[in-house]
Amino acid sequence: MRVCVVGSGAREHALAASIARSADVVATPGNPGIEGTSEEGHRLSSTAAPPEELEADLYVIGPEAPLVDGLADRLRAAGKRVFGPGRAGAALEGSKELMKQVATEAGVPTARWKAFSARELAQARSFLAELEGGYVVKTDGLAGGKGVLVTSDMQEALADLEAKLSGSSFGEAGRRVVVEERLEGAELSLFVVCDGHDFVPLLPAQDYKRLLAGDEGPNTGGMGSYAPVPAVDESVVSEVLDEIVGPSLAALTARGVDYRGLLYAGVMLGADGPRLVEFNVRFGDPETEAILPLLESDLVELLAAAADGTLGRTAPPVFSRRSAVCVVAAAPGYPAAPEHGGLIEGASRAGSLEDVHLFHAGTSRDKRGDLRSSGGRVLAVTALGQDLPDARRRAYEAMAVISFPGMQVRADIASSPLSSPAGAQ
Ligand code: AMP
Ligand code: GLY
C-alpha cells in the first residue's frame with residue numbers, strides 16, 4: 001500500500017513516520033526528513049509533483065489551505081480515497097463566522113460573538129463595549145494563524161478592529177471579522193477522527209503558542225506540545241465529545257456536509273466546563289508530533305476507515321501509556337522575520353537517541369548535502385518517557401545535541417502541565 005501525504009512540515013513528517021510503519025509514503029512537497037526506509041521496511045520519499053499526479057491508495061492532507069481550497073473534493077472526484085474534509089467541511093476553519101454559526105446551531109458552549117463587515121464599524125464598536133473582561137477580534141478568513149487578537153485592553157481591541165475592517169492589516173481577509181468575549185481557563189487540543197457518521201478521539205494534548213517561556217512574546221505556529229494531559233481524564237474527553245464535537249458534527253451533517261477527516265477541537269477548560277474556542281479541520285502542529293509517536297495501533301487502518309466511512313467497524317486507536325513531549329527549534333527572527341540558511345548540526349545524532357523522534361519542519365539540503373534551516377520552525381524533537389517529567393528531560397537532552405545559528409527554543413514546554421481542568425496554565 002502507498003499513502004500520499006500532502007504538506008511539508010513537522011506534522012507531515014510525523015504523519016509520514018507513523019504511516020511508514022505499515023505502508024510506503026510519498027510526500028508532496030515533503031521535506032528532507034521524509035526519505036529512506038522505515039524500520040518495518042517501508043519506503044518514504046518526497047516529491048515536487050502535485051498530489052493530483054501521484055498514484056496512491058490513500059491521500060492524507062496535512063495543512064488547512066489545500067483543504068479550504070477544495071483539494072479533497074478534486075481528489076475524490078477523480079475516484080481517490082482521501083482523509084480530509086472537502087471544501088464545505090473545511091470552511092469550518094476557513095471562516096470563523098461559519099464555525100460560530102455551526103456551534104450556535106448545535107447549542108455548543110462557546111464565547112459570545114457577533115460578526116461584522118467593513119460597513120458595520122459602529123455596530124462592532126458598540127458590541128465590543130458590551131463585552132466584559134476581555135476582547136477577541138478575529139479575521140473571518142484564514143490569516144496564517146495571525147488574524148486573532150486576544151486582549152484585555154479595550155483601546156487595543158478598538159484599534160485592531162478598525163485596522164482589520166478597513167483592510168489595512170489583513171487586506172480582504174480582515175474586512176469581515178468575528179468579535180467575541182475572551183474565555184478564561186486552560187486550553188486543550190482534542191483531535192477527533194471522523195468518517196461522516198462515527199468519530200473517535202485521539203489523546204488529549206496541549207500546545208504552547210507563545211514564543212517565550214512563561215507565555216510571553218508573540219504568537220507563533222506553536223513552540224512545543226505534550227500528550228496526554230494528566231488532568232484530562234476520560235470524563236473530560238467524554239464531556240468534550242458529548243457537548244461539543246458530537247453536536248457540531250450533527251449540525252454539519254444537517255447542512256449536508258460529509259465530514260471525513262480530522263476535526264481539531266480547541267477547547268477552553270474553565271470553571272463552567274469545556275467551551276469551544278475554535279475548530280481546525282486538520283491535525284494540529286505541533287500536537288501531532290507528540291500524539292502520533294504514542295500510537296501503537298495502525299494509523300493507516302484508522303485513516304483509511306475514516307476515508308471509507310467504516311470507523312464503526314474498526315478497532316479504536318490504541319496508545320502507549322507513556323508520555324510524549326515535543327520541543328520546537330525555530331529560526332532567528334521567528335515569527336516576524338525568520339532568517340534562513342543556518343547550518344544545522346547534530347540533527348541525525350539527536351534523532352538516533354533512544355525514544356527520540358526528530359521531525360523536520362523547515363529544512364533543506366545544500367549542494368554538499370548538509371542540512372540548512374529554510375523555514376520559521378526548523379525542527380521538532382519529540383521524546384517519550386515513563387511520565388511527562390521523564391519525557392521532558394529526554395526531549396531537552398536531545399535538543400541540546402542540535403545547533404544552528406540563532407536557534408530559538410522555548411525552555412518551559414511541559415514544565416507545569418495542566419493538573420486541574422479549571423486551573424489556568
Ligand atoms: P483561533 O485562530 O480561533 O484558533 O484563535 C487562536 C488562539 O487565540 C486560540 O488558540 C486561543 O489561544 C486564542 N483565542 C481565540 N478565541 C479566544 C477566546 N474567545 N478567548 C480566549 N482566547 C481565545
Ligand atoms: N497547534 C495549533 C494549530 O495547529 O493550529
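Atoms considered below: every heavy atom in the structure, side chains included; atoms not considered: hydrogens, waters and symmetry mates. All values reported here derive from a predicted model rather than from experimental measurement. Both ligands and their constituent atoms are indexed starting at 1 by order of listing.
Per-atom contact check: atom 13 (C) of ligand 1 touches the protein, criterion being a heavy-atom distance below 4.0 Å.
Between the choices Arg210, Lys96, Lys138, Glu181, the shortest heavy-atom distance to atom 2 (O) of ligand 1 belongs to Lys96. Of the options Asn280, Asp207, Val277, the smallest heavy-atom separation from atom 17 (C) of ligand 1 is shown by Val277.
Protein heavy atom closest to atom 20 (N) of ligand 1, with residue, atom name and distance, is Leu183 N, 2.8 Å. In this structure, the protein non-hydrogen atom closest to atom 11 (C) of ligand 1 is Glu187 OE2, 3.3 Å. Shortest contact from atom 4 (O) of ligand 1 to any protein heavy atom: Glu278 OE1, 2.1 Å. Considering only non-hydrogen protein atoms, atom 19 (N) of ligand 1 sits nearest to Glu180 OE2, 2.7 Å. Of the protein's heavy atoms, Val148 CG2, 4.0 Å lies nearest to atom 6 (C) of ligand 1.
Checked against a 3.5 angstrom limit, the closest N/O atoms of Met268 and ligand 1 fall outside it.
Atoms CG and OH, from Leu249 and Tyr259 in turn, are 8.0 Å apart once rounded to the nearest 0.5 Å. To the nearest 0.5 Å, atoms CZ (Arg119) and CZ (Arg176) are separated by 10.0 Å. Atom CD1 of Ile61 sits about 5.0 Å away from atom CG of Leu67, to the nearest 0.5 Å.
A search for side chain to side chain donor-acceptor pair (under 3.5 Å) contacts involving Lys96 returns nothing, not counting sequence neighbours. When the salt bridge (Lys or Arg N to Asp or Glu O under 4.0 Å) test is applied to Asp298, no partner is found at least two apart in sequence or on another chain.
Side chain of Arg275 to main chain of Gly270: no donor-acceptor pair is present (N/O by atom type, distance under 3.5 Å, no hydrogens or angles). Using a distance-only test at 3.5 Å, with no hydrogens or angles considered, a donor-acceptor pair links the side chain of Ser46 to the main chain of Asn31.
Of all atoms in ligand 1, listed by their number and element, those nearer than 4.0 Å to a heavy atom of Val136 are 16 (N), 17 (C), 18 (C), 19 (N), 20 (N). Which parts of ligand 1 touch Lys209 is read off a 4.0 Å heavy-atom cut-off, strictly below it: atoms 10 (O).
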Residues 129-138, side-chain donor-acceptor partners within the protein, below 3.5 Å, at least two apart:
unit_1, atom_1, unit_2, atom_2, d
Glu130, OE1, Arg112, NH2, 2.6
Lys138, NZ, Glu180, OE2, 3.3

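Closest approach of Ala398 to Ala350, counting heavy atoms only: O-CB, 3.5 Å.
Asp57 has no carboxylate O lying under 4.0 Å from a charged side-chain N of Arg81, or vice versa, which leaves the two without a salt bridge. Asp69 and Arg74 are joined by a salt bridge, as a carboxylate oxygen and a charged side-chain nitrogen come within less than 4.0 angstrom of each other.
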Output block, N or O contacts of ligand 2, threshold 3.5 Å exclusive:
unit_1, atom_1, unit_2, atom_2, d
ligand 2, 1 (N), Asp207, OD2, 2.7
ligand 2, 1 (N), Tyr264, OH, 3.4
ligand 2, 1 (N), Asp285, O, 3.0
ligand 2, 1 (N), Glu287, OE1, 2.7
ligand 2, 1 (N), Glu287, OE2, 3.2
ligand 2, 4 (O), Arg282, NH1, 2.9
ligand 2, 4 (O), Asp285, N, 2.9
ligand 2, 4 (O), Asp285, O, 3.4
ligand 2, 5 (O), Arg282, NH2, 2.9

